[in-house]
Amino acid sequence: MNLKDKMTFHVIGKTQKMKTTVKSKQHEIIMDEPPLLGGNDEGPDPLSYLLASLAGCENVIANMVAQEMNFDLQSINFDVKGQLDPRGIRGEAGAQVTFEKVWFKVSVVTSEPSERLTELKEKTDARCPVLTMIRAAGIEIEVDWEKA
């Protein structure tokens, strides 16, 4: 794949009540809801996958940026939470459907000084499609990077 070309991402899926099975290339992703919401809890719910996508995307971009910066990036740990008002997905008027707020804590294992970590964070956050999509949706996001 040439990173100068447009990239197309494609998934296909099928459902069985609340369960959604999605294929991406040779990988299978199962999403479901807990029994309380009518599912069988056979996989994480879609909103948890969205939060996981944020962590995965930031990791990929951080590693790309670290390579460009010659930054000693040994590993990254993530703690991601999202708060949602369930009235929105139940269709109640005036309630927000998206996350109201996302908390994104990043702990970086590195020998680099804090100024370089700040530079890595700023460049990564600016280039991460998932983070920029969350911000573009008007969702409040609290991002905190620290050295482990």
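Model, not experiment: these values are computed from the prediction.
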Can you see which heavy atom on [X] is nearest to which on [Y], and at what distance?
X: L117; Y: F71; result: N-CE1, 3.8 Å
X: R116; Y: M69; result: NH2-O, 3.1 Å
X: A95; Y: G88; result: CB-N, 3.5 Å

Measure the [atom1]-[atom2] distance between [X] and [Y] for me, rounded to the nearest 0.5 Å.
X: L51; Y: W103; atom1: CG; atom2: CH2; result: 10.5 Å
X: L120; Y: E115; atom1: CG; atom2: CD; result: 13.0 Å
X: K14; Y: T21; atom1: NZ; atom2: OG1; result: 6.0 Å
X: K81; Y: Q83; atom1: NZ; atom2: CD; result: 11.0 Å

Atom pairs and distances, donor-acceptor, side-chain atoms in residues 57-66, under 3.5 Å, two or more places apart:
residue	atom	partner	partner atom	Å
N59	OD1	N63	ND2	3.0
N63	ND2	N59	O	2.8

Inset, instruction - Please answer whether the main-chain N or O of M31 pairs with a side-chain N or O of T20 as donor and acceptor at a distance below 3.5 Å. - result: no

Inset, instruction - Evaluate the side-chain contact (heavy atoms from CB on, under 4.5 Å) criterion for residues V109 and I76: first the C-alpha distance (whole Å), next the side-chain angles of each, then the deciding distance (0.1 Å), finally the verdict. - result: CA-CA 6 Å; V109 178; I76 305 175; over 6 Å; no

Hey, quick one: are [X] and [Y] part of the same hydrophobic cluster, counting side-chain heavy atoms closer than 4.5 Å, chains of contacts allowed?
X: L54; Y: V97; answer: yes
X: F104; Y: Y49; answer: no
X: V11; Y: I29; answer: yes

Pairs under 3.5 angstrom only: tabulate donor-acceptor contacts from the side chains of residues 33-46 to other protein residues two or more places apart or in another chain.
residue	atom	partner	partner atom	Å
E42	OE1	K19	NZ	2.9
D45	OD1	L47	N	3.1
D45	OD1	S48	N	2.9
D45	OD1	S48	OG	3.4
D45	OD2	S48	OG	2.9

Legend entry - Q16 atom CD: more than 12 heavy-atom contacts under 6.0 Å: no

Inset, instruction - Could you walk me through whether K105 and F78 pass the side-chain contact (heavy atoms from CB on, under 4.5 Å) test, one step at a time? - result: CA-CA 6 Å; K105 292 188 178 282; F78 298 99; over 6 Å; no

Inset, instruction - I would like to know whether Q96 and D85 meet side-chain contact (heavy atoms from CB on, under 4.5 Å); could you show each step before the answer? - result: CA-CA 7 Å; Q96 185 172 321; D85 182 345; 5.6 Å; no

Please tabulate, for the side chains in residues 125-147, all donor-acceptor contacts under 3.5 angstrom to protein atoms that are two or more places apart in sequence or on a different chain.
residue	atom	partner	partner atom	Å
D125	OD2	K121	NZ	2.7
R127	NH1	E68	OE1	2.8
R127	NH2	E68	OE2	3.0
T132	OG1	C128	O	3.0
T132	OG1	P129	O	3.1
E140	OE2	K101	NZ	3.4
E142	OE1	K101	NZ	3.1
K147	NZ	E112	O	2.8

